[in-house]
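Reviewing the structure listed below.
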Amino acid sequence: MIYLKTEEEIELLREANLVVARTLGEMAKWVAPGITTLKLDSIAEEYIRSQGAVPGFLGYGGYPNTLCISVNENVVHGIPSNYALREGDIVSIDCGAVKDGFNGDSTYTFEVGEVAPEVHKLLQTTKESLYVGIEHALPGNRIGDIGHSIQEYCEKRGYSVVRELTGHGVGRKLHEDPEVPNYGRRGVGALIKNGMVIAIEPMINLGSKNIVIERDGWTCRTKDRKPSAHFEHTIAIHNGKPDILSSFKYVEEVLGDKSI
């Protein structure tokens, strides 16, 4: 069942997503060689609560932390730990927050110091593909149009698209219908309508599309251990066009010309 949101619900969803956006901006201040992913998680939890919200991931399906932090070959759902970031790493920080009963969900992949040129290009392409997907989130299009545009954009540049994990509807629940794959065919899937709120989140690999789940039951990594990038926005289809409810503005204000 796809729940279409009212104007008031879209504004409440915007508030929750801006809490997430500001939290990612806080993360941008701290991502550097030497900091542990568990320390980043602690900072994020404290910040989210300071905003009158609660972490959206903490306890979700038994998940133990506030953030999903996935380093290098880890695609998504990496559990914060005592791993200290190193020069040349990339780190995907996926953040969720609940405010006034509504969920925010967004992801940014950060560079730790200087990364290899081919890794930087992977991050650039993945972020660009997110906006390509958003451009196709128009009333009258189908969910498959979004996935097709992301897949075409990334595969033409030599990257692969993870199949097992998708974007999703967002509302009072973190994961609602419809699923929003990052691959697919034009003209298939659910009809996009005004009032839909969805998270679009390309997960793009430098090597093969194949993934494995680690023994912790959460961490998803590339089978060939090559790097993977992940960017995510929550958007509403609002007044006939996509309206991005989350934001990378706060990250970009911190990173300046070092933004992806």
Side-chain angles (χ1 to χ4, degrees), residues 14-58 65-72 74-99 103-117 119-131 134 199-204 227-235 244-260:
R14 193 188 310 278
E15 286 302 310
N17 277 283
L18 289 176
V19 170
V20 172
R22 292 192 295 270
T23 306
L24 290 174
E26 286 298 301
M27 295 296 94
K29 298 174 186 176
W30 288 91
V31 168
I35 195 165
T36 67
T37 58
L38 202 54
K39 177 66 173 174
L40 291 172
D41 188 73
S42 170
I43 294 165
E45 179 176 358
E46 185 177 341
Y47 184 81
I48 289 168
R49 294 188 188 281
S50 79
Q51 301 297 296
V54 295
F57 299 167
L58 184 61
N65 291 88
T66 290
L67 300 175
C68 294
I69 304 185
S70 307
V71 181
N72 296 332
N74 293 329
V75 181
V76 287
H77 304 159
I79 298 174
S81 69
N82 289 319
Y83 176 82
L85 296 178
R86 300 169 187 167
E87 180 83 16
D89 283 347
I90 56 170
V91 54
S92 151
I93 300 183
D94 191 350
C95 180
V98 183
K99 187 173 185 188
N103 281 271
D105 190 10
S106 182
T107 307
Y108 196 93
T109 301
F110 296 88
E111 297 178 337
V112 184
E114 295 294 322
V115 307
V119 175
H120 177 73
K121 191 67 183 167
L122 168 69
L123 268 59
Q124 275 189 321
T125 301
T126 305
K127 186 181 178 191
E128 288 163 3
S129 79
L130 168 59
Y131 290 99
I134 290 169
I200 301 176
E201 48 179 319
M203 290 157 265
I204 308 299
S228 182
H230 180 205
F231 288 86
E232 175 185 21
H233 273 316
T234 295
I235 71 164
I244 301 174
L245 304 181
S246 48
S247 177
F248 294 151
K249 177 181 78 168
Y250 303 99
V251 169
E252 289 161 355
E253 284 173 357
V254 175
L255 296 182
D257 59 6
K258 293 192 178 298
S259 300
I260 305 301

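- Annotation for E87: atom CD counts as buried by contact number, over 12 foreign heavy atoms lying within 6.0 Å.
- Counting heavy atoms from C-beta on, the side chains of R22 and K249 never come closer than 4.5 Å.
- Rounded to the nearest 0.5 angstrom, F231 CZ and T125 OG1 are separated by 10.0 Å.
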Yes or no on side-chain contact (heavy atoms from CB on, under 4.5 Å) for E111 and H120, after CA distance, side-chain angles and deciding distance? CA-CA 8 Å; E111 297 178 337; H120 177 73; 2.5 Å; yes

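- When all heavy atoms of D41 and L67 are compared, the closest pair comes out as OD1-N, 2.7 Å.
- Classification of K29 and E26 as a salt-bridged pair holds, one side-chain N sitting under 4.0 Å from a carboxylate O.
- Looking at heavy atoms from C-beta onward, N72 lies in side-chain contact with I90 at the 4.5 angstrom threshold.
- N103 places no side-chain N or O within 3.5 Å of a backbone atom of V98 that could act as its donor or acceptor partner.
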Could you walk me through whether V112 and R86 pass side-chain contact (heavy atoms from CB on, under 4.5 Å), step by step? CA-CA 7 Å; V112 184; R86 300 169 187 167; over 6 Å; no

Any chance you could lay out the side-chain contact (heavy atoms from CB on, under 4.5 Å) test for Y83 and I69, step after step, and finish with the verdict? CA-CA 11 Å; Y83 176 82; I69 304 185; over 6 Å; no

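- Between G96 and F57, the shortest heavy-atom contact is N-CZ, 3.4 Å.
- Scanning both residues, H230 and S92, for their nearest heavy atoms gives ND1-OG, 3.6 Å.
- Within the 3.5 Å criterion, the main-chain N or O of I260 finds no donor-acceptor partner in the side chain of Q124.
- With values rounded to the nearest 0.5 angstrom, Y250 atom OH is found 15.0 Å from Y108 atom OH.
- Remark: side-chain polar atoms of S70 are paired, donor with acceptor, to backbone N or O of G78 under 3.5 angstrom.
- The minimum heavy-atom distance linking A97 with I48 is given by the pair CB-CG2, 4.0 Å.
- Listed for the S246 side chain is a donor-acceptor partner under 3.5 Å among the backbone atoms of T234.
- Residues K39 and I43 meet the side-chain proximity criterion, which asks for heavy atoms closer than 4.5 Å.
- Listed for the N17 side chain is a donor-acceptor partner under 3.5 Å among the backbone atoms of D105.
- For the atom pair OG1 (T23) and CG (L40), the distance works out to 12.5 Å, reported to the nearest 0.5 Å.
- Side-chain contact between F248 and K127 is present, with at least one heavy-atom pair separated by less than 4.5 Å.
- For the pair V31/I93, a side-chain contact is recorded, criterion being any heavy-atom separation below 4.5 Å from C-beta on.
- At a threshold of 4.0 Å, the pair R49-E45 counts as salt-bridged, since one of the basic side-chain nitrogens sits closer than that to a carboxylate oxygen.
- The structure places CG of L130 at 8.0 Å from OG of S106, a figure rounded to the nearest 0.5 Å.
- We find the OH-CD1 distance between Y131 and I200 to be 11.0 Å, quoted to the nearest 0.5 Å.
- Nearest heavy atoms, E232 versus A199: OE2-CB, 3.3 Å.
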Working note: L85 + F110, criterion side-chain contact (heavy atoms from CB on, under 4.5 Å); need CA distance, chi angles, decisive distance, verdict. CA-CA 11 Å; L85 296 178; F110 296 88; over 6 Å; no

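- The two residues A229 and L123 make their nearest non-hydrogen contact at CB-CD1, 3.8 Å.
- One finds the CD1 atom of I244 at 10.5 Å from the CZ atom of R14 (value rounded to the nearest 0.5 Å).
- At least one donor-acceptor pair closer than 3.5 Å links the side chain of T37 to the backbone N or O of S81.
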